[in-house]
Structures are given as structure tokens and as C-alpha cells.
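Single-structure report; data block below.
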Amino acid sequence: MSLFKLGLVLTIIGIVWISFVFAETEKTQGTILLKQSNSFELKSEFTGIDIGFYRVYMPEFAGEEVFVQILDTKDNVIREELIQKKMSVGYFDFYEDGTHTIKVTNISKNQINLQVEFGNTESQEMTPAGILILAGAVTMIVISYLKIKNYKIEQPDENI
């Protein structure tokens with residue numbers, strides 16, 4: 001097996017590994033029809049120090065706006081965002097164990113159908129897979145450079 005193919009295999013294994021880790025994370029999901037000026041909350045239990053995520057999806061988007069806040073265990077705001085898109089994904093750092101909350105408020109004049117997903121990325125478990133991807137990518141780049149460096153193109157005669 002050539003080193004280029006080995007690098008490609010390492011990269012693919014790392015990508016698949018990361019996708020499995022992310023798919024197996026604990027996440028809370030909720031769907032609601034949110035009326036004007038109303039709020040919706042989801043809670044999720046986080047442990048340790050890591051990175052959390054949220055996904056807000058509006059299937060029948062027609063220019064509506066929602067305001068999202070992430071609250072820590074003491075109801076302090078960690079992150080806030082105004083969302084004006086059909087789907088938005090955001091990330092935040094958390095530093096303590098406990099129940100964190102996502103609060104979504106409808107600030108548009110129409111009611112909105114919302115799908116919200118909230119959870120932990122488990123990024124600490126992705127480190128070995130990331131190292132595999134890095135090793136595979138560096139191997140492919142180095143081998144490609146060495147092959148291109150020795151490649152010579154024959155030039156046609158100019159006086160034909």
C-alpha cells in the first residue's frame with residue numbers, strides 16, 4: 001500500500017470516528033409552535049469542561065426572528081444570538097457541572113414552528129480522531145509534494 005493511500009485511509013477513519021462520536025452525544029430535542037412574544041426552554045445536563053451546541057430550525061421560515069439565550073446553572077447568560085435564518089447552529093463553552101438551559105423567544109409578529117436541539121459535543125472524545133485526520137492529511141500532502149517535485153514536463157520545440 002502506498003503512503004498516499006495510507007494517509008487517505010487514516011483521514012477517512014478519523015472522519016467516520018468523529019461523526020460517530022458526535023452522533024452518540026446526549027442531546028435534548030423539542031418541537032413547538034411558538035406564539036408571538038412567547039418563550040420556550042430546553043434543559044440539558046452537562047458535566048466537566050467542554051463545548052456545547054444548539055440547533056434552531058424553522059421549517060416554514062418566512063423571515064421570522066427568534067432570540068436565543070444559553071443559561072448556565074445559575075441562570076447567567078453564557079451566549080445570546082438573534083436568529084433570522086431557517087436553520088442556525090451555535091456553539092458555547094461551559095465550565096461547570098449542572099443543568100444548562102436554552103431559552104428561545106419569538107420576537108416576530110407571527111407564530112413560528114420551531115425545532116430545537118441542545119446538547120454537548122463531547123469534543124474531548126474527538127481528540128484521537130482529530131490526530132488521525134491530521135496525520136493522514138499531512139502524509140497525503142508530503143507524498144503529493146514529493147511526487148510533483150520530481151515531475152518534469154517536456155516542452156515542445158519553439159521552432160517548428
Side-chain angles (χ1 to χ4, degrees), residues 3-108 111-144:
L3 284 176
F4 184 84
K5 288 179 183 176
L6 178 66
L8 183 61
V9 168
L10 288 176
T11 304
I12 291 171
I13 289 172
I15 291 169
V16 169
W17 188 351
I18 283 181
S19 65
F20 278 122
V21 168
F22 194 72
E24 295 297 318
T25 61
E26 286 189 36
K27 40 191 159 235
T28 307
Q29 299 175 339
T31 302
I32 188 168
L33 188 61
L34 198 59
K35 295 182 181 176
Q36 178 184 3
S37 301
N38 284 359
S39 295
F40 171 67
E41 290 185 358
L42 272 178
K43 297 183 182 290
S44 188
E45 190 72 28
F46 295 140
T47 55
I49 298 172
D50 212 337
I51 300 170
F53 78 96
Y54 60 92
R55 181 180 67 89
V56 177
Y57 177 64
M58 295 179 260
E60 294 138 16
F61 180 72
E64 293 90 356
E65 297 177 326
V66 293
F67 185 68
V68 175
Q69 288 183 316
I70 307 299
L71 308 171
D72 67 4
T73 58
K74 298 172 186 137
D75 288 335
N76 296 319
V77 176
I78 298 174
R79 179 179 166 105
E80 55 188 14
E81 179 182 7
L82 179 66
I83 297 175
Q84 300 170 320
K85 299 179 251 177
K86 185 172 186 167
M87 186 174 87
S88 179
V89 177
Y91 298 92
F92 60 93
D93 296 326
F94 61 89
Y95 302 101
E96 57 187 320
D97 297 349
T99 303
H100 290 64
T101 307
I102 182 169
K103 182 177 180 181
V104 182
T105 306
N106 181 358
I107 58 174
S108 65
Q111 64 181 10
I112 301 172
N113 185 12
L114 277 179
Q115 296 175 4
V116 180
E117 191 174 326
F118 183 55
N120 185 353
T121 60
E122 303 287 345
S123 65
Q124 303 296 334
E125 294 179 22
M126 294 181 191
T127 303
I131 292 170
L132 264 181
I133 292 171
L134 179 65
V138 168
T139 302
M140 288 190 308
I141 290 169
V142 168
I143 295 303
S144 296

Next on the checklist: If you apply the rule side chain to side chain contact (heavy atoms under 4.5 Å, CB included), what do you find for Ile112 with Val66, and how did you get there?
Outcome noted: CA-CA 9 Å; Ile112 301 172; Val66 293; 3.7 Å; yes
Checklist entry - Please walk me through it: do Thr73 and His100 pass side chain to side chain contact (heavy atoms under 4.5 Å, CB included)? => result CA-CA 5 Å; Thr73 58; His100 290 64; 3.9 Å; yes
Non-hydrogen side-chain atoms of [X] and [Y] separated by less than 4.5 Å:
X      : Y      : answer
Glu81  : Val56  : no
Thr31  : Asn113 : yes
Asn76  : Leu71  : no
Ile102 : Val116 : yes
Arg55  : Met87  : yes
Ser44  : Glu26  : no
Asn120 : Thr25  : no

Nearest non-hydrogen partners of [X] and [Y], listed with the distance:
X      : Y      : answer
Trp17  : Pro128 : CH2-CB, 3.5 Å
Thr47  : Phe94  : O-CE1, 3.6 Å
Leu132 : Ile13  : CD1-CG2, 3.8 Å
Ser39  : Thr105 : OG-OG1, 2.9 Å

Hey, what do you get for [atom1] ([X]) to [atom2] ([Y]), rounding to the nearest 0.5 Å?
X      : Y      : atom1 : atom2 : result
Ile83  : Ile107 : CD1   : CD1   : 10.0 Å
Ile18  : Thr121 : CD1   : OG1   : 10.5 Å
Lys103 : Glu41  : NZ    : CD    : 6.0 Å
Ser37  : Gln111 : OG    : CD    : 12.5 Å
Ile15  : Leu10  : CD1   : CG    : 11.0 Å
Met58  : Gln115 : CE    : CD    : 11.0 Å

Item to check | Donor-acceptor pair, side chain of Asn106 and main chain of Asn38, under 3.5 angstrom | outcome: no
Checklist entry - Do side-chain atoms of Thr99 reach the backbone of Lys43 as a donor and acceptor pair under 3.5 angstrom? => result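 Side chain of Thr99 to backbone of Lys43: no pair is present.
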Next on the checklist: Can you confirm whether Phe61 is buried at CZ, in the sense that more than 12 heavy atoms of other residues, nucleotides or ligands lie under 6.0 Å from that atom?
Outcome noted: yes
Next on the checklist: Take a 6.0 Å sphere around NZ of Lys27 and say whether it holds more than 12 heavy atoms from other residues, nucleotides or ligands.
Outcome noted: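 Enclosed: over 12 neighbouring heavy atoms sit under 6.0 Å from NZ of Lys27.
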Checklist entry - Any side-chain donor-acceptor pair under 3.5 Å between Ser123 and Asp50? => result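 Note: Ser123 and Asp50 side chains meet the donor-acceptor criterion.
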Checklist entry - Which one of Phe53, Tyr95, Phe118 satisfies the ring pair (Phe, Tyr, Trp, His ring centres under 6.0 Å) criterion with Phe46? => result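 Only one option passes, and that is Phe118.
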